Amino acid sequence: MRWKRVLFSGLGIGLLYTFFIQAKTAPDSGPPVQDKPIRTIVIDAGHGGHDHGATGSYSSEKNITLDVATRLGKILEESLPDVKIVYTRKTDRFDDVNRKAAIANEAKGDLFISIHCNAAPDIKRVTGYRTQTYRDKKKRKRTRKVPIYESYPNPAKGTETYIWATSKNNAKTESLRNNSVIVFDANSEETQQLMDTKDPETIIMLNTLRNAFFDQSLRLSNLVEDEFTRVGRISRGARQRNEKGILVLHATAMPSVLVELGFISNPEEENYLNSADGQNEMAHCIARAVKKYKEELERFNKPGHSTTRPAESQEPAPAQQQPASPPPSRVNPAQESPVSGGHAAAASAQTDYRVQLLTTEKVYTSRSSLFKNLKGNVKRESFRQKGKSVNKYIWGNFRTEAEANAALYKARKNGFDDAFLLTYKDGERID
């Protein structure tokens, strides 16, 4: 089924690379706080102030969107107490779309929902003809029949949920790059070394993250439309905005959707959009979709889904380093297993992560050309195996699994094909 393809592709790659949005280092004074896939939701009431948006026979889009956005926020605040709800506006205020996107990015949102109303132009029909007298080029009187038109409200009705068009993919990637200063922990030296936005590898990972956000946005948009259908609304489907871009969708560094609640130009729908029952129903539909989306993310983010390799045996077989060809830049969603996006469990002990690069009998210094592309500390640990000295080379000391996953990706990109994660508590290796 289509939704399964979207779910596995979006969550599979998305959870692997969510360190871009969720890589926040725990403070030195305490253990890392447990991360969650949805911590902040940004709700945008479209238009506002002097920008009325679409208008019906007696109402404006800006007022309907604010009412529904407020109701949606209250429902989510009550049903998801662990999630922070941020509003781009809570009053009849105008902010341009760039400012709305900035509000979402500065809030470090994990999801952006923009609320709007649709409109369609009136339909003109011929209701009769009248005779018109005119003069031709030779000044002679002539008559002709001219149609008489009457305008009728367009019968278009139903809901639509939009995501950004693929033609705006480069703009979405640019948003992820430009907002790295906000969403990454500037105090983490290890993260700064990994998040070099001029590094081609980082660009590849940003593009992969963007693709995951696209799939996640599509999944949520389908969930929203499904909920509208369940209450009897006509669904016009989840769509890309191909005819023109919607800046708030590609300028926000997170999964993002724009919900068209209905056609304010249709008198029947205008009454529904302005009614308390209608607004409550629409808000509850969107809220149920968000909760289902959140539950799906969390289900694929359980501790069992991890890139951490099982603990090695006490006598690991030595392996000579053979620089392998780098892994493909685009993850195949069908082959990639969903993994934790850096959600370290909160515990009383200090947890950190390291990357074991290789095991070999050869001796390298930390300044060896072998490690030249891996900024940070590479340590050598030696042990005896079958009378021979064998060396393990371990990179970094990362305080979140998200940062460690970033390092693991980079290690494999640099030829350490057998690299895997190690987990420590209070400096002691745990299996």
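Please read these numbers as outputs of a predicted model, since none were measured by experiment.
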Donor-acceptor pair between [X] and [Y] side chains, under 3.5 angstrom:
{"X": "Glu61", "Y": "His52", "answer": "no"}
{"X": "Glu225", "Y": "Thr159", "answer": "yes"}
{"X": "Thr173", "Y": "Asn207", "answer": "yes"}
{"X": "Ser114", "Y": "Asp44", "answer": "yes"}
{"X": "Asn154", "Y": "Asp122", "answer": "no"}
{"X": "Tyr272", "Y": "Glu281", "answer": "yes"}
{"X": "Glu270", "Y": "Ser265", "answer": "no"}

Practice item. Mind running side chain to side chain contact (heavy atoms under 4.5 Å, CB included) on Asn169 and Thr166 for me, showing each step along the way? Key: CA-CA 5 Å; Asn169 273 347; Thr166 52; 3.9 Å; yes
Check your understanding: Do the numbers put Arg144 on top of the ring of Tyr134, so that NZ or CZ is under 6.0 Å from the six-membered ring centre and no more than 45° off the axis?
Key -> yes
**Study point:** Within 45° cone of Tyr293 ring axis and under 6.0 Å: Arg219 NZ or CZ
**Key:**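 Geometry flag: not set, cation outside 6.0 Å or 45°.
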Partner set under side chain to side chain contact (heavy atoms under 4.5 Å, CB included) for [X], not counting sequence neighbours:
{"X": "Arg239", "result": "Glu160, Tyr162, Arg236"}
{"X": "Lys294", "result": "Ile38, Leu80, Asp82, Val83, Glu298"}
{"X": "Ser368", "result": "Tyr364, Thr365, Leu370, Phe371"}

Is the side chain of [X] donor-acceptor paired with the backbone N or O of [Y] at a distance under 3.5 Å, no angle test?
{"X": "Asp95", "Y": "Lys100", "result": "no"}
{"X": "Arg93", "Y": "Thr88", "result": "yes"}
{"X": "Asn266", "Y": "Pro155", "result": "yes"}
{"X": "Arg210", "Y": "Ala171", "result": "no"}
{"X": "Thr40", "Y": "Gly109", "result": "no"}
{"X": "Asp51", "Y": "His47", "result": "no"}
{"X": "Lys172", "Y": "Thr252", "result": "yes"}
{"X": "Arg233", "Y": "Leu261", "result": "yes"}
{"X": "Arg412", "Y": "Ala419", "result": "yes"}
{"X": "Lys291", "Y": "Leu76", "result": "no"}

Review point. How far apart are the C-alpha atoms of Gln132 and Lys145, what are their side-chain angles, what is the distance that settles it, and do they pass the side chain to side chain contact (heavy atoms under 4.5 Å, CB included) test?
Key: CA-CA 6 Å; Gln132 183 184 66; Lys145 288 185 176 181; over 6 Å; no
Practice item. Over 60° means perpendicular and under 30° means parallel, so classify the ring planes of Trp164 and Phe214, tilted if in between. Key: perpendicular
Exercise for review: Specify the closest pair of heavy atoms between Leu273 and Met282, including all atoms of both residues, with the distance to one decimal.
Suggested key: CD2-SD, 3.6 Å
Exercise for review: Could you walk me through whether Ile264 and Ser59 pass side chain to side chain contact (heavy atoms under 4.5 Å, CB included), step by step?
Suggested key: CA-CA 8 Å; Ile264 195 173; Ser59 63; 3.5 Å; yes
**Study point:** Working for side chain to side chain contact (heavy atoms under 4.5 Å, CB included), residues Ile41 and Asp110
**Key:** CA-CA 6 Å; Ile41 297 175; Asp110 301 298; over 6 Å; no
